[in-house]
Asker: 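Please see the structure below; I have some questions.
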Amino acid sequence: MSKPPPRLQARSPRGFQDLSGHAVRARTKMIATIREVYDRYGFEPLETPALEYVDALGKFLPEQDRPDEGIFALKDTDEQWIALRYDLTAPLSRFVAQMGQDLVLPYRRYQVGSVWRNEKPGPGRFREFTQFDIDTIGTASPAADAENCAVLAEALEALGLKRGEFIVKINTRRLLDGVMERIGLQPGSADPQSLCVLRAIDKFDRVGIEGVRLLLTSGRKDESGDFTKGAGLSAQAADIVLDFMQAGQASRGETLSALARAVANAPSGRAGLDELEAIDRILANLGIDEGRAIFDPGIVRGLAYYTGAVLEAAITIEITDDEGRRRQIGSVAGGGRYDGLISRFTGTDIPATGVSIGVDRLMTALSLAGRIGASQAEGPVVVTVFDKSRMADYQRIAAELRAAGIRAEVFLGEGGLKAQLRYADRRGAPVAVIAGGDEFAAGTVSLKDLIAGRALSAEVAGNEQWREKSRAQVTVPRGELVAQVKAILQPPA
RNA sequence: GCCGCCUUAGCUCAGAUGGUUAGAGCGCUAGAUUGUGGAUCUAGAGGUCUCCCGUUCGAUCCGGGAAGGCGGUACCA
């Protein structure tokens, strides 16, 4: 006798999640809302494959002859490395380069889809998640960057966020270059020290100002005992960086004045100021005030390919999780200008700028903030099967409801009326249709208002009333079925 | 990657010094109610105590390892 094989474990890969029912509906709706805004600004839809050649993603490590860690890669039958896209920007760049002359520039496109990252999942961080991007290819005008901010603000408002519940923060890499120049680093270069400085600024949210100071100079030991090496700046150089990143003011104009002092004299800093001034004017023209978009010199974004304006959107609502702990919902969208990215394919720079909404994160934020209420009865009207020999009647009832645009289903499981009503209850059905011998004899149907009944049971505790079975139930002529169900679904105001 | 904590019923968690039969609440199933969900009461079902190796007469409990989870942190296009 051999042992029975061990039972298969049903589990999804770590960092991957299932979405069902309400979650899918809510997300679909969110995407539709955002799409509507993107559309209105004149962006065109684009879809690209989930897989790309790994060199198109820019993450191939030639010296090791294998793709970078952090992406899901595999070899196809031609021994070529292909990988799941980790964002929508690299595939867009490839598409633009591949289209060449056939693409009318400036090209403005939107795209929504899953991206995959092969790294450790964390709270609210998955290995597959959805991004919804807009990008404008082929213009260096700050108007495109300003529009990114405006679209973003408008999309967030369309999702029900009010003024003051979110903020778009804008900065530019050119100012950061100006700071680098002042402290004697090569502006715009990718040397380890510059990257370390940028990373330190990026961590302000988590480690605070003194934490950043340590990271800029000698290094920092965190609570878990882990030591992070510092950038090795002098105290004076660190002060310059710290002053710069804290130069943000409530109004864009004030921030510009403060920044003018902080990056004085550095040529790239001057270019950055000009850029932000232009963005400020355009935002004003577009009607985006300072309650929605501000300049924040502490915004750095990623580290690789941004060349100019960078931006981030944050939800500012105070949020508590299931256990009542306060939770920081960080940025829900981000992006910037990447004028050098497409030249990897074409050899010539094509200016480009875009922004990406993290759909899952935004969903999490909105539902934690109570903005995505599970509406209480999303289920269909359930037609109970009292008498199996009358199945044809039940199916006709369901068909009539559907023809009137009402979601309806005939109960397909096993069990008596009690089990069927319990099923209807759990399905979130608003109404159960009941028709047995009495109803058929009288030419009627009974409609049970499950929502009203649910509300009643909350207030009545006594055992006596329990058997008043007519509660929240009406018996109506069969011919009035649709009208009466509609009356229950949409009570006259 | 590094540090810390955790893993017992579908879920949240108790528990015994290493000893027969491992518990609670919620949920689930059924009945009270032969045609009625959601309240209440009663009963019932449900367990490889994560896995492997070791110590032991005997391990869910002790030791080692693995896997998974959680929380930091690093990297993050």
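Quick note on labels: first sequence line is chain A, next is B, and so on, each numbered from 1. Values in this document were obtained by computation on a predicted structure and should not be read as measured data.
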Asker: What does B:A30 pair with, Watson-Crick or G-U, if both distances are under 3.5 Å?
Answerer: B:U42
Asker: Using a cut-off of strictly less than 4.0 Å, decide whether A:R14 has a side-chain nitrogen or oxygen near OP1 or OP2 of B:G69.
Answerer: yes
Asker: Determine the Euclidean distance between corresponding P atoms of B:G37 and B:A45; express it in Å to zero decimal places.
Answerer: 24 Å
Asker: Take atom P in B:A59 and the same atom in B:C52, then report the distance between them in whole Å.
Answerer: 13 Å
Asker: Going from CZ on A:R109 to OG1 on A:T136, what distance comes out if it is rounded to the nearest 0.5 angstrom?
Answerer: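 It comes to 9.5 Å.
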Asker: Taking a pair as Watson-Crick or G-U wobble with both distances under 3.5 Å, which nucleotide is matched to B:A16?
Answerer: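 Check on B:A16: unpaired, no WC or wobble geometry under 3.5 Å.
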Asker: Partner lookup for B:G71, please. Criteria are Watson-Crick or G-U wobble with both distances under 3.5 angstrom; report none if nothing qualifies.
Answerer: B:C3
Asker: Looking at A:K448, I'd like to know whether one of its side-chain N or O atoms comes within less than 4.0 Å of OP1 or OP2 on B:U36.
Answerer: no
Asker: Which nucleotide sits closest to the side chain of A:E119: B:A74, B:C76, B:U36?
Answerer: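 So the nucleotide nearest the side chain must be B:C76.
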Asker: Can you tell me how far the OH atom of A:Y423 sits from the CD atom of A:E409, to the nearest 0.5 Å?
Answerer: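 Reported value, rounded in 0.5 Å steps: 3.5 Å.
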Asker: Would you say A:R199 reaches B:C76's phosphate, i.e. side-chain N/O to OP1/OP2 under 4.0 Å?
Answerer: yes
Asker: For the pair made of CD in A:Q131 and P in B:A77, what is the distance, rounded to whole Å?
Answerer: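 In whole Å, B:A77 P lies 11 Å from A:Q131 CD.
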Asker: Quick one: does A:K120 reach the base of B:U73 with a side-chain donor-acceptor pair under 3.5 Å?
Answerer: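 Donor-acceptor pair under 3.5 Å: yes.
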Asker: Take atom P in B:A39 and the same atom in B:C28, then report the distance between them in whole Å.
Answerer: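 It comes out at 9 Å once rounded to the nearest Å.
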Asker: Please give, in whole Å, the distance from B:G69 C1' to A:F16 CZ?
Answerer: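 Distance, rounded to whole Å: 17 Å.
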Asker: Report the base-pairing partner of B:A9 (Watson-Crick or G-U wobble, both distances below 3.5 angstrom), or none.
Answerer: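 Checking every strand shown, B:A9 finds no partner, since no pair has both distances under 3.5 Å.
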Asker: What nucleotide, of B:G69, B:A74, B:G35, holds the atom closest to the side chain of A:S446?
Answerer: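 It is B:G35.
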Asker: Quick check on RNA chain B: between A:T228 and A:R301, whose nearest nucleotide comes earlier from the 5' end?
Answerer: A:T228
Asker: Which nucleotide, in any strand shown, forms a Watson-Crick or G-U wobble pair with B:U48, with both distances under 3.5 Å?
Answerer: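 Pairing partner, where one exists within any strand: none, as none qualifies.
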Asker: Taking C-beta and beyond as the side chain, do A:D133 and A:I357 meet within less than 4.5 Å on heavy atoms?
Answerer: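 Contact flag for A:D133/A:I357 side chains = no.
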Asker: Could you please spell out the steps behind the salt bridge (Lys or Arg N to Asp or Glu O under 4.0 Å) verdict for A:E44 and A:R108?
Answerer: CA-CA 6 Å; A:E44 290 292 322; A:R108 291 149 70 73; over 6 Å; no
Asker: Atom CG of A:D449 and atom P of B:U36: how far apart are they, to the nearest Å?
Answerer: 19 Å
Asker: Name the pairing partner of B:U36, where a pair is Watson-Crick or G-U wobble with both distances under 3.5 Å, or state none.
Answerer: none
Asker: Rounding to an integer number of Å, can you tell me how far A:R422 CZ sits from B:C28 P?
Answerer: 8 Å
Asker: Between B:G31 and B:U20, how far apart are the two P atoms, rounded to whole Å?
Answerer: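 The same atom, P, in both gives a distance of 37 Å.
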Asker: Side-chain N or O of A:R426 less than 4.0 angstrom from OP1 or OP2 on B:C28?
Answerer: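 It does, given that an N or O in the side chain of A:R426 lies less than 4.0 Å from OP1 or OP2 of B:C28.
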Asker: May I ask you to evaluate whether A:R125 reaches the phosphate of B:C70, defined as a side-chain N or O under 4.0 Å from OP1 or OP2?
Answerer: no
Asker: Is A:E439 touching bases, backbone alone, or none of the nucleic acid, heavy atoms closer than 4.0 Å?
Answerer: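 A:E439: base contact, heavy atoms under 4.0 Å.
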Asker: Taking for each residue the nucleotide of RNA chain B with the nearest heavy atom, is it A:A419 or A:A435 whose nucleotide lies nearer the 5' end?
Answerer: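 Nearest nucleotide further toward 5': that of A:A419.
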Asker: Suppose you measure atom C1' in B:U36 against the same atom in B:A43; what distance do you get, rounded to whole Å?
Answerer: 22 Å
Asker: Measure from the ring centre of A:Y423 to the centre of the six-membered ring in the base of B:G37, then say whether that distance is under 5.5 Å and the planes meet at under 30°.
Answerer: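 Answer is no, no stack.
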Asker: To the nearest Å, give me how far apart CZ (A:R220) and P (B:C3) are.
Answerer: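 Value for this atom pair: 18 Å.
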Asker: Can you check the distance between B:U56 and B:C61, where both ends of the measurement are the P atom (answer in whole Å)?
Answerer: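 Straight-line distance between the two P atoms is 16 Å.
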Asker: A:F204 versus A:M245: any side-chain heavy-atom pair under 4.5 Å?
Answerer: yes
Asker: Please report the distance separating the P of B:C26 from the corresponding atom of B:U7, rounded so that it comes out in whole Å.
Answerer: 23 Å
Asker: Taking only the C1' atom of each, what is the distance from B:G10 to B:U29 in whole angstrom?
Answerer: 13 Å
Asker: In whole Å, I'd like the distance from the CG atom of A:L214 to the C1' atom of B:A74.
Answerer: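 Rounding to the nearest Å, CG of A:L214 and C1' of B:A74 are 16 Å apart.
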Asker: Are side-chain heavy atoms of A:V197 and A:L216 found at a separation under 4.5 Å?
Answerer: yes
Asker: Could you state the atom-to-atom distance from CG of A:L195 to C1' of B:A77 in whole Å?
Answerer: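 One finds 13 Å between C1' of B:A77 and CG of A:L195, rounded.
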Asker: Looking only at the side chain of A:K418 (C-beta and beyond, no hydrogens), which of the listed nucleotides B:A77, B:A74, B:U36 gets closest?
Answerer: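 Of the candidates, B:U36 comes closest.
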Asker: When you get a sec, tell me which of B:G35, B:A77, B:G37 is the closest nucleotide to the side chain of A:Y86?
Answerer: B:A77
Asker: In whole Å, what is the span from the CG atom of A:D438 to the C1' atom of B:U36?
Answerer: 13 Å
Asker: If only side-chain N and O atoms of A:R344 are considered, is one of them under 4.0 Å from the OP1 or OP2 phosphate oxygen of B:A77?
Answerer: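 The answer is no; no side-chain N or O of A:R344 sits under 4.0 Å from OP1 or OP2.
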Asker: Within this structure, what is the CD1-OG distance for the pair A:I350 and A:S93, rounded to the nearest 0.5 Å?
Answerer: 9.0 Å
Asker: Would you name the heavy atoms of A:Y38 and A:F132 that are closest together and state the gap between them?
Answerer: OH-O, 3.2 Å
Asker: Counting just side-chain N and O atoms, does A:K203 come under 4.0 Å of either OP1 or OP2 of B:C75?
Answerer: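 Yes, because at least one side-chain N or O of A:K203 sits under 4.0 Å from OP1 or OP2 of B:C75.
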Asker: If we call it a pair only when both distances are under 3.5 Å in a Watson-Crick or G-U wobble match, what pairs with B:G54?
Answerer: B:C62
Asker: Does A:F126 have its ring centroid less than 6.0 Å away from the ring centroid of A:F16?
Answerer: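 So the answer is no for these two rings.
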Asker: Taking donor-acceptor contacts at under 3.5 Å, does the side chain of A:Q420 reach the base of B:G35?
Answerer: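 For A:Q420, whose side chain was compared with the base of B:G35, there is no donor-acceptor pair (under 3.5 Å).
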Asker: Identify which nucleotide among B:G37, B:C76, B:G35 has an atom closest to any side-chain atom of A:F386, counting heavy atoms from C-beta outward.
Answerer: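 My answer, after comparing the listed nucleotides, is B:G35.
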